[in-house]
2 protein chains.
Amino acid sequence: MEELLKFAPRPTGAGDMFQMLRDGQPRTRADLATATGQARSTIAARIDLLMSAGLIAPAGEATSTGGRPPATFAFNPRAKVVLAVDLGATHARIALTDLASQVLAETNAPLAIADGPRAVLGWVVENGDKLLATAERGESELAGVGVGLPGPVEHSTGHPIMPPIMPAWDDVDVPGILRRHFDVPVLVDNDVNIMALGEHRAAWQTVDNLLFVKVATGIGSGIIADSALRRGAQGAAGDLGHVAVAGAGDAPCRCGNHGCLEAVASGQAVADRLAAQGLDARRSADVVQLVRSGDLTASAAVRQAGRDIGTVLAACVSMLNPSVIVIGGILAEAGEHLIAGIREVVYRRSLPLATQHLRIVTSQTRGEAGVLGASAMAVDHVLSPASIDALI
Amino acid sequence: MEELLKFAPRPTGAGDMFQMLRDGQPRTRADLATATGQARSTIAARIDLLMSAGLIAPAGEATSTGGRPPATFAFNPRAKVVLAVDLGATHARIALTDLASQVLAETNAPLAIADGPRAVLGWVVENGDKLLATAERGESELAGVGVGLPGPVEHSTGHPIMPPIMPAWDDVDVPGILRRHFDVPVLVDNDVNIMALGEHRAAWQTVDNLLFVKVATGIGSGIIADSALRRGAQGAAGDLGHVAVAGAGDAPCRCGNHGCLEAVASGQAVADRLAAQGLDARRSADVVQLVRSGDLTASAAVRQAGRDIGTVLAACVSMLNPSVIVIGGILAEAGEHLIAGIREVVYRRSLPLATQHLRIVTSQTRGEAGVLGASAMAVDHVLSPASIDALI
DNA sequence: CAACTTTTGGTTGACCCCCGTCAAAAGTGC
DNA sequence: GCACTTTTGACGGGGGTCAACCAAAAGTTG
């Protein structure tokens, strides 16, 4: 089958070559020529173009292999900046990052999403400007904005659709509003989706199939299949929270159904159960506190939540066959109890072919998955081959 | 965000233009020029190229809009043929189709996959040649071969991996073997995956997210997300059969676990249950027969199987958020009982956002989804932009 | 029915991009 | 210091694309 593809004369712009350099590693002209199949002279021209745009920079000379040592070039992530916004139900985080998603400045504050688009996006604009100022970057250096919202979002338009916990945001033109102030591309997605993206970009770039599970007040997941986020028909894919759990009672859920995973194993559900046993646990954070202080009842409850989540994840493993499952959200910070419960069930319930190379790990981004993902989403758009070619 | 993309100078080959014509509709040169943004002279040159390759043909004149009536051109599916092979556990089907997946000649016969690659692929070669002869097509007209196998397949290499019901096929180089005789690209995939592809191409081309579920002796599914098959890390995605069913007992399953969907709701499981009640049902086909003959016990059992499948599908709807679920396999041919049971549970268990536009339908390909998908898989490869450009 | 309008179809020359080649530059090894 | 290796930038040729022009075909209008 490859004989047909061997010499396909498909012209590639400078943007395609640039993608190879996105990883930050320095490369010589010869490296790029052999990798892209194009002539060295063509590569040289593209290098000049990208250099003058500031997107790449000389990275010294490589060691000689007997002749003149080649000059190397590497991606210059400091050429531009993007704003990464992670809006939760009651908390907002906004970061200014470079094009490698390195955080340059950051703010976070309690902020109720229920205050509505006007107030919240106003806060975003205000603090975005502040971050640009503290990082001493002009508005002309801003290349894009990425936003995560706690509800379903139609990614192509950036409009939330029927979001349960933020009804005032239904069908609001978030990109349009933000573009009134920041005249750059604005990308919007579900908060769990951007966390999946962040974790993937930050720690699992070489893995093509990843499932990110957030266990906090609620439970949700983001699906990366064949290296891209999969959002489903209405942007509602990955909704783990309202899957029924086999053999875990039928606790009523806020969605109106019974026996949903979220009603059984979310941080809130665990807290409620512990509170009923007389412990001082009102929210997810209290559960984490109790576990960390060595409370055995709390540890056992978290482990049981892990088992319940594992029951649902076992089904997801069979369906999606990921290489990695990343467990994030506040409840994942309560030691190894949650993930132990998850592993226990998943490895028992799933078929060998699906589990033999499956890793189940905790988030490695320490709560920054959201902003990292929002940043990555914006950067991906801004540095896409088409955008680069248009930018010259 | 579109301002950056507006005039992206991304050169496109003849193959890209050709993709627009794949739908079979006739188009004028002007249509193609405005659609691709290229000059009419460029389009004219490409038309000539594709015409001389036989891939497109004149399709008469369109009606004049006041001036000279334009000539139209349309995809010529008869330019080449592909072999589509659908191998089941005990049955094989092989078809010769044109580039629009129209069947030109077809053979099917009982054939045990367990006889091993040598015997089975020998049969494929032999009957492939026969079909070419009956359709009066030379070997030079064969453009590709698509094969579906009843087990997990690493699609990139075409090698089955750890297939439970065909152990002799593990890591066999199926494309290599077939290419020894047919010197054309050979694409291989799981049988349920190609059924999903076939159903998508034949009936749901405009839908981006589709889940195809096969209910026969076993239960499996194929996932189409963002318009492409998603196979997971080991090609094992879509394995519905061994998901645990909430609240449906814990019947032992051949996979070694308990309570798997396949052990509860597959055609075999239903047959076994009916047999235990004294009915003459040894295989899935017998169940269908009983239902068609009006047996109420059998109907009820099929409907209950539908409910059990629905329980698992509800979770899949939450995770994948498809627009369409297609139910295929022999048990779907037993009237509306199966799908009624499925609908009953899915629409009750899933969230409104995911179900408001969800359609659950039976297969519209009358058992031909497999060969149609195998054909589509091969055609997609052969007519990809890169392949077309290479072919000139 | 003839002239005009409209639209398509084909051709040509200019331009741009990409590729090969070549000589100069910069190091290495003897 | 010299021969050899490798990289680098420059130059000319070739292929493809575009814009423009002209011719042809059909419909419109008087």
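When reading the values below, keep in mind they use all heavy atoms of this one structure, side chains included, and skip hydrogens, waters and symmetry mates. Naming convention: chains lettered A, B, ... in sequence-line order (proteins, then strands); numbering from 1 in each chain.
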Shortest non-hydrogen contact between A/Val382 and A/Ile388, atoms and distance: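 Closest approach of A/Val382 to A/Ile388: O-CD1, 4.3 Å.
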Taking every non-hydrogen atom, the tightest pair across A/Ala378 and A/Gly144: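 So the two residues come closest at CB-C, 4.3 Å.
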The side chain of [X] lies closest to which of these nucleotides: [options]?
{"X": "A/Ala71", "options": "C/dC19, D/dT8, C/dG10", "value": "D/dT8"}
{"X": "A/Ala39", "options": "C/dG9, D/dT8, C/dG20", "value": "C/dG20"}
{"X": "B/Ser41", "options": "C/dG27, D/dT6, D/dA19", "value": "D/dA19"}
{"X": "A/Pro70", "options": "C/dA26, D/dC18, D/dT7", "value": "D/dT7"}

I need the [atom1]-[atom2] distance between [X] and [N], as an integer number of Å.
{"X": "A/Leu49", "N": "C/dC18", "atom1": "CG", "atom2": "P", "answer": "10 Å"}
{"X": "B/Gln38", "N": "D/dA19", "atom1": "CD", "atom2": "P", "answer": "11 Å"}
{"X": "B/Arg46", "N": "C/dG9", "atom1": "CZ", "atom2": "P", "answer": "17 Å"}
{"X": "B/Asp48", "N": "C/dT11", "atom1": "CG", "atom2": "C1'", "answer": "12 Å"}
{"X": "A/Glu61", "N": "C/dT28", "atom1": "CD", "atom2": "C1'", "answer": "13 Å"}
{"X": "A/Arg27", "N": "D/dT7", "atom1": "CZ", "atom2": "C1'", "answer": "19 Å"}
{"X": "A/Ile43", "N": "D/dT7", "atom1": "CD1", "atom2": "P", "answer": "14 Å"}
{"X": "B/Leu32", "N": "C/dT8", "atom1": "CG", "atom2": "P", "answer": "12 Å"}

Under 3.5 Å side-chain donor-acceptor pair for B/Glu154 and B/Thr157: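 Checked: B/Glu154/B/Thr157 side chains pair up, N/O donor to acceptor below 3.5 Å.
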Name of the residue among A/Asp23, A/Leu383, A/Leu50 meeting side-chain contact (heavy atoms from CB on, under 4.5 Å) with A/Phe75: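 Exactly one candidate clears the test, A/Leu383.
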Name of the residue among B/His155, B/Met377, B/Arg230, B/Arg231 meeting side-chain contact (heavy atoms from CB on, under 4.5 Å) with B/Asn193: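 Running side-chain contact (heavy atoms from CB on, under 4.5 Å) over B/His155, B/Met377, B/Arg230, B/Arg231 with B/Asn193 returns exactly one hit, B/Arg231.
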A/Arg40 vs A/Arg68, nearer the 5' end of DNA chain C by closest nucleotide: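 Per heavy-atom nearest nucleotide, the more 5' residue is A/Arg40.
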Nearest-nucleotide comparison on DNA chain C, the residue closer to the 5′ end among A/Pro69 and B/Phe73: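 Closest to the 5' end, via its nearest nucleotide, is B/Phe73.
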Sugar-phosphate only, base, or nothing, as touched by A/Arg29 at under 4.0 Å among non-hydrogen atoms: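 Sugar-phosphate: the residue A/Arg29, judged by heavy atoms under 4.0 Å, touches backbone atoms but no base.
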